[in-house]
Amino acid sequence: MFNLIEETGKVLVPFYSKTPLTVVKGRGHWIWDNKGKKYLDFTSGISVVNFGHANPRVNGAVIRQIKQISHISNLFYIPGQLELSQLIIGHAFPGMTFFCNSGAEANEAALKMARVIGNLKSPSKNKVLALNGSFHGRTVATISMTGQEKYRKGFEPLLPGVAFVNVNDVKSLAENFDDSVCAIFLEAVQGEGGLVKLSGEFIEEVKRLSQKHDALVVFDEVQAGMGRTGKFFGYQNFDIEPDMITMAKALGNGFPIGAVLAREAVAKKMPAGIHASTFGGNYAACAAGIASLKELDGNLLDKINTLGAQFQNRLNMLKSRYPKAIKENRVYGLMVGIDLYEAFPVKNFIDGLAARGILTLRAGSNVLRLLPPFTIGIKEIDLFCDKLEEVLKEVKG
Ligand SMILES: *Cc1c(COP(=O)(O)O)cnc(C)c1O
C-alpha cells in the first residue's frame, strides 16, 4: 500500500523531524488532515498565517494579480512595491524598503547594510551584537548571529565579528559595547528562544550605548511583528526608534516575502548593485503583502489585545491549580508561552494536545508556544484551556 510518510522519507533530506500528520485543507484557525480529521491550529504555520488559513481577501488579491503577471524582475518598476513600502512605512517609521523572500534573507540584508555603514565610518567598525537565546535564521551569516548553540554547531567556521549579550543583562551589554560595534540585533520578544520579552531597563541601555558608540539598532520583527504582540511591530511595545526592522513570516500570510525597512540615513548610503534578490518583491508577493497588511487594522489589534488579556487570565487560573507543572505564563498579545518545569516535558503536552485535536509548538528549553491565527475567539481559547487541563491532569498521573 502507498505510504506517503515512508515515500517522502526516501526523497527529502532528513533535516526535519516531522509530525505524522498530512494537512490538506485550512480555513481560518481550522485545518483538516487527509483522513478528514479537524484540528484547531494554534501554530499559524509558525506565525505565518496570522490572518487565517485560506484568507479570502489575501487569496483573492493574489489570484487577481497572477492572472495579470506574477514576475518580471527588479530591473523594472513594480507598482506593488511602492504600495507595500508605503504601507510598511506608514505603520513603522519614515525610511526605505528592500524586498526579499524570507526572514533569514531580511536579516542577512540588514547585516550587510550595517556592515556597509560601519565600514564607511571606520575599517574596524564591523562588530555585530546579538543576544543569547536569539534566533535570526538558518543561513551561515544568520546562524552566526543566532545565540543558540544547537543552530550553530557543526557549521564552523562561522562569520567572525559577532558577540553575544545576555538578554536583559545591562552589565553584559555594557561589557560588549564599544566603538567597534556597527549594529545590535534584537527581538522584542524572543520567539524560538522561549518567549522572552526585552525589559524597559535593557532597552534604555541599548538606546544610550548605541548613541554613545554610534551603532545601529535593528529589530528582527520576523516573528514578533505583524500584530503578533498586540502592536503592529514588536518594537512599538517600547520607547525606542530602531534604525532598521526586518520582516517576513506573516508579511504575506503564507506567500513567501521578506522585507527590510531602513531609515534614509542608512538606506541612501547603499550603492546600486551591492545587494539584490531575483524573486524579492515580485508582483505575486507584493499582492499578498499589501492584502495582509490591510487586514491588520486598529480593530484587529484591539481584538488581539483583548484576547491576550483573556488568555492570560485563563492561563493564570491553570497555573494556580497546577503550580507544580506551570512555572510561568508569558502572554504578549497572541504570542503566548507556557514555561513548564523540567519534570513536565513540553513534548508530552504537544502530543497530548494533538491527540485532542489542537496543534501547538515548542520554544526555548521547555516552553509550550502558542501562536494562534488572529481569527480565533474566546471560544477557541476556552477550548484550548479545557484540553490543556485534561493534559495537565493526565501528565500529573
Ligand atoms: C523564523 C524567524 C527567522 C527566520 O525566518 P525564515 O523565513 O525561516 O528565514 C528570523 N528571525 C526570527 C525572529 C524568526 O522567528
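Counting starts at 1 for both ligands and their atoms, in listed order. Position 1 is the first residue of the sequence; numbering continues from there.
The part of Glu187 lying near ligand 1 is the side chain, judged by heavy-atom distances below 4.0 Å. Contacts between Asn107 and ligand 1, counted as non-hydrogen atom pairs separated by less than 4.0 Å, involve the side chain only.
Residue-ligand proximity, Ser102 to ligand 1, at heavy-atom distances under 4.0 Å covers atoms 7 (O), 9 (O). Near Asp220, the atoms of ligand 1 lying under 4.0 angstrom from a non-hydrogen atom of the residue are 10 (C), 11 (N), 12 (C), 13 (C). For ligand 1, the atoms lying closer than 4.0 Å to a non-hydrogen atom of Ala104 are 4 (C), 5 (O), 6 (P), 9 (O).
Closest to atom 6 (P) of ligand 1 among all protein heavy atoms lies Gly103 N, 3.4 Å.
Checking Val218, Val206, Val167, Asp220 one by one against Leu186, the side-chain contact (heavy atoms from CB on, under 4.5 Å) holds for a single residue, Val206.
The six-membered or imidazole ring of His91 lies away from that of Phe233, with a centre-to-centre distance of 6.0 Å or more.
A cation-pi arrangement, defined by a distance under 6.0 Å to the six-membered ring centre and an angle within 45 degrees of its axis, is absent between Lys387 and Phe384.
Salt bridge present: Lys171 and Glu175 bring a charged side-chain N and a carboxylate O closer than 4.0 Å. Ionic pairing of Lys207 and Glu205 is not present here: no N-O contact between side-chain nitrogen and carboxylate oxygen is shorter than 4.0 angstrom. Taking a cutoff of 4.0 Å between a charged side-chain nitrogen and a carboxylate oxygen, Arg321 and Glu389 qualify as a salt bridge.
For ligand 1, the polar-atom distance check finds an N/O of Phe135 within less than 3.5 Å of one of the ligand's N/O atoms.
Between the side chain of Asn168 and the main chain of Lys197, a donor-acceptor pair closer than 3.5 Å is present.
Protein heavy atoms are absent from the space less than 4.0 angstrom from atom 8 (O) of ligand 1.
In this comparison of Lys249, Glu105, Glu192, the heavy atom closest to atom 15 (O) of ligand 1 sits on Lys249.
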